[in-house]
Number of protein chains: 2
Amino acid sequence: MAVTCPHNPEVNCTDCRMNSLCLPIALELDEVERLNQIVQRGRPLQKDSHVYNVADEFSAIYAVRSGSIKTYNVSDQGAIQVTGFFLPGEIFGIDGIAHTHYVSAAVAMETSAICEIPFSRLEELSMTMPSLQRHFFKLMSKEITNDQQLITLLSKNSAEERVATLLLSISSRNAKRNLSSLRFRLPMSRADIGNYLGLTVETVSRVFSRFQKQGLLEVDKKEIEIKDIDALQELSNI
Amino acid sequence: MAVTCPHNPEVNCTDCRMNSLCLPIALELDEVERLNQIVQRGRPLQKDSHVYNVADEFSAIYAVRSGSIKTYNVSDQGAIQVTGFFLPGEIFGIDGIAHTHYVSAAVAMETSAICEIPFSRLEELSMTMPSLQRHFFKLMSKEITNDQQLITLLSKNSAEERVATLLLSISSRNAKRNLSSLRFRLPMSRADIGNYLGLTVETVSRVFSRFQKQGLLEVDKKEIEIKDIDALQELSNI
DNA sequence: AAAGCCCCTTGACCCAAGTCATTTTAGATC
DNA sequence: GATCTAAAATGACTTGGGTCAAGGGGCTTT
């Protein structure tokens, strides 16, 4: 395999370092190649630039190749709700399928590269590739169970429990990418975390401070070091 | 069309009064018949009996034919989170697809009849019936956007706003079934409402009382009459 | 290097909703 | 119709997290 820059648009699915987490995971080698044919790779996105915006026409779903993406909904009154943070290998844009237009927006939280998968082509491919159809069903169903876990978190858990759960989620998703599960850089702002978890920035900040004081974390701006993962898990226990 | 009892297990998809809301909505007549072939209809379920339970093997999704169903998740520590209320024509059990076993449970809130749709048969059928595949994708995507609306509600709205939103949701879903949108019987308990909305029973009860005092509702146990739908919409505005 | 901006942190205060306790009501069972 | 039980309503009190306000540190811009 060639050595590749993480934002390199030339990488194909077969060689992509994320293929063990991304759509190809359920496919045979020749199937991956057929999927690869329909995937479109653009140039890297700068921080804060949109992949798609609310009311854009829905035509594709996306995979993160490098960097990180956040998605958010905008209510009729303009209120913003962050609905997800997506790391390399993760799929976003699925919510657009039910409608002809996106109901959410997706923004790069840092310089990021993404793969665009035109949905109509994916549907066609699914018709002839049972494993892809099944995987795609699973992917959507996984998104549903994720959302339901967030619902439970918001509905039943305290600020500390919510923050602990998010940190552990990022930690374990990092581990899957062979990154450190105990030391990492949060790609999102405190405001994003608060919005996602249904808390104010002040509360998020206070929780980070408290965790630091209690020796659970070492926090330096966005750099996080988990010092007592057991205590976090105790708080989170999901 | 034959006159049928709402719990009658003999009804088929072609004649079912819910077919304009349920899976058949996207299908041609002959396709509905093919769908009908794989649908299994059991005897009516009594109140409080389970359609499936947490950790049951996943093998089918379900449609409500009559009555009403609630779904809930159970966390490792046994905490219950009600994740949805389902009325006739609505589909539930989709979250099981990502896993081999259900992560949720489904219970009849009153005497109910349901249709069981074996998932493997549905997958096969989808492979040869693009409109069914597409509809099913949409259904799952719709579930995702529903969940995300609930996330926003829990994360950003007050107790009054949450309750108003739920009442309006039930009201409009009733209207689609040619039932009254202003007078109806809530199938769920105050405890279920509270659990679903992330509130205590006491708070739900107090909100109902306040709404009644303000002339927005007439409440008699589970019988609800909406007296000022504009005021409710003002509160909900989603 | 000064100025401006944004993000984050911290403190003081307040209120919506939670907790706890009691009463009322409606069915269910005998 | 008397007794039990569960659901619902209401009041008194408490509290976690929101609100408001102020301050600090690290960017970029000039």
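Only a predicted model underlies this, so the values are computations on that prediction, with no experimental measurement involved. Side chains are part of it too, since the values below use all heavy atoms of this structure and drop only hydrogens, waters and symmetry mates.
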Fill in: A:Glu161 CD to D:dG17 P, straight-line distance once rounded to whole Å
9 Å
Fill in: For atom CZ of A:Phe208 and atom C1' of C:dT9, their distance in whole Å
12 Å
Worksheet item: Side-chain contact, heavy-atom cut-off 4.5 Å: B:Thr71 with B:Asp95?
Response: no
Item to complete: Grab the CG-C1' distance between A:Asn157 and D:dG16 for me, whole Å please.
Response: 14 Å
Fill in: Whole angstrom value for the distance that separates P of D:dA8 from CD of B:Gln212
14 Å
Discussion item. Just the rounded figure in Å: distance from P of D:dG17 to CG of A:Leu154.
Written reply: 12 Å
Worksheet item: Quick one: are A:Ser155 and B:Leu197 in side-chain contact, heavy atoms under 4.5 Å?
Response: no
Item to complete: Measure from the side-chain heavy atoms of A:Leu199 and tell me the nearest of C:dT10, C:dT9, D:dG18.
Response: D:dG18
Discussion item. Is the shortest side-chain heavy-atom distance between B:Leu87 and B:Leu21 below 4.5 Å?
Written reply: no
Discussion item. What is the separation between atom CZ on A:Arg190 and atom C1' on C:dC6, rounded to the nearest whole Å?
Written reply: 14 Å
Worksheet entry | Touch class at under 4.0 angstrom, heavy-atom based, for B:Ser205 against every strand present | base
Practice prompt. Name the residue closer to the 5' end of DNA chain C, choosing between A:Lys213 and B:Gly198 according to the nucleotide with the nearest heavy atom.
Written response: A:Lys213
Worksheet item: Counting any heavy atom closer than 4.0 Å, what does B:Ser209 reach on the DNA or RNA strands: base, sugar-phosphate only, or nothing?
Response: sugar-phosphate
Worksheet entry | Atom NZ of A:Lys142 with >12 non-hydrogen neighbours under 6.0 angstrom | no
Item to complete: Would you tell me if any nitrogen or oxygen in the side chain of A:Thr200 comes within less than 4.0 Å of OP1 or OP2 on D:dG18?
Response: yes
Item to complete: Check whether any side-chain N or O of B:Thr203 sits under 4.0 Å from OP1 or OP2 of C:dG18, and answer yes or no.
Response: yes
Worksheet item: Is B:Lys176 paired with B:Glu90 through a side-chain N to carboxylate O contact shorter than 4.0 Å?
Response: no
Worksheet item: Between A:Glu223 (CD) and D:dG25 (P), how many Å, whole number?
Response: 19 Å
Discussion item. Counting C-beta onward and ignoring hydrogens, is there a side-chain heavy-atom pair between B:Lys70 and B:Tyr196 closer than 4.5 Å?
Written reply: no
Practice prompt. Indicate the ring-plane relationship of B:Tyr52 and B:Tyr102, choosing parallel, tilted or perpendicular according to the 30° and 60° boundaries.
Written response: parallel
Response to the item:
Quick note, B:Val219 side chain, CB onward, closest among C:dT9, C:dC8, D:dA9 is D:dA9
Item to complete: Going 5' to 3' through nucleotides 20-28 of chain C, assign each nucleotide B (protein heavy atom under 4.0 Å from a base atom), S (under 4.0 Å only from sugar-phosphate atoms) or - (no protein heavy atom that close).
Response: B--------
Practice prompt. Figure out the CG/C1' separation between A:Asn195 and C:dC7, and round it to whole Å.
Written response: 16 Å
